Amino acid sequence: MVRNYPLWKSELEQLHSQSVTADTGGMPSGGEVSRKTENIALRQLPPAKQNEYDAVSRALEITALMPDGERRCDLIRQVYWKGKKLRITDVIMQIGVAEATGWRWHGAFIKLVGECAGYER
C-alpha cells in the first residue's frame, strides 16, 4: 500500500482534473443541466485502490501530528517515494535519529497504515 501511494495519488488527481477544452462536437447535450465540477469531485479510484490511498493518506495525516511528525513523514517519503531507492538505515542517518528510533517510527507507520485500512492488530 505504501509503495503504491504515489501512483494512486496521481491517478486520483487525473480523475479530478477538469478538461478546459471546449466541446466542439456540435451535438446538443440533451437538455440536461451539466454538473461537471460536482461529477469530477465525486470521482474515485476503484474500491481497492481507493481504500489503499485513503489508508496511507490518513496515516500520513496522523503521523504528521505526532511529536517529530515532520521527521517521521520525511523518513517514510525518503524510504518509499523518493526517486532513488534508499535503505532505511541510510535514511535514518540522513534525518539524524538513532537507528532504533528510526526503525520504531517506520514500524509504527506501517502498523498505522494497516489500522487505517481496516486491519486489526
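Predicted, not measured: the structure shown is a model, and the values here were computed from it.
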Side chain to side chain contact (heavy atoms under 4.5 Å, CB included) between Phe109 and Val2: does it pass, once the steps are laid out? CA-CA 10 Å; Phe109 182 79; Val2 177; 4.0 Å; yes
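In this structure a side-chain-to-backbone donor-acceptor pair under 3.5 Å is missing from Ser10 to Pro6. Side-chain N or O atoms of Arg72 include one that pairs as donor or acceptor with a backbone N or O of Pro67 at under 3.5 Å.
Remark: Arg77 engages Glu70 in a side-chain hydrogen bond (donor to acceptor under 3.5 Å, both in side chains) (not counting sequence neighbours). Annotation: side chain to side chain contact (heavy atoms under 4.5 Å, CB included) contacts of Ala117 (sequence neighbours excluded): Met1, Asn51, Ala55, Tyr119. Residues satisfying the side-chain hydrogen bond (donor to acceptor under 3.5 Å, both in side chains) criterion with Ser57, sequence neighbours excluded, are Tyr5. Checked against side-chain hydrogen bond (donor to acceptor under 3.5 Å, both in side chains), Lys49 has the following partners two or more places apart in sequence or in another chain: Glu11. With sequence neighbours excluded, no residue forms a side-chain hydrogen bond (donor to acceptor under 3.5 Å, both in side chains) with Arg3.
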Compile the donor-acceptor pairs under 3.5 Å between side chains in residues 92-108 and protein atoms, sequence neighbours left out, one pair per line.
residue, atom, partner, partner atom, Å
Glu99, OE2, Trp103, NE1, 3.4
His106, NE2, Tyr80, OH, 2.6

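The CD1 atom of Ile110 sits 12.0 Å away from atom CD of Glu115, with the distance rounded to the nearest 0.5 Å. To the nearest 0.5 Å, atoms CG (Leu7) and CH2 (Trp81) are separated by 13.0 Å. Atom-to-atom distance recorded for Cys116:SG and Lys111:NZ is 14.0 Å, nearest 0.5 angstrom. Atoms CG and CG, from Leu60 and Leu65 in turn, are 11.0 Å apart once rounded to the nearest 0.5 Å. The line from OG1 of Thr63 to CG of Leu112 is 5.0 Å long, rounded to the nearest 0.5 Å.
Under the 4.5 Å side-chain criterion, counting only non-hydrogen atoms from C-beta, Leu12 is not in contact with Lys9.
Remark: Arg87 engages Asp90 in a salt bridge, criterion side-chain N to carboxylate O under 4.0 Å.
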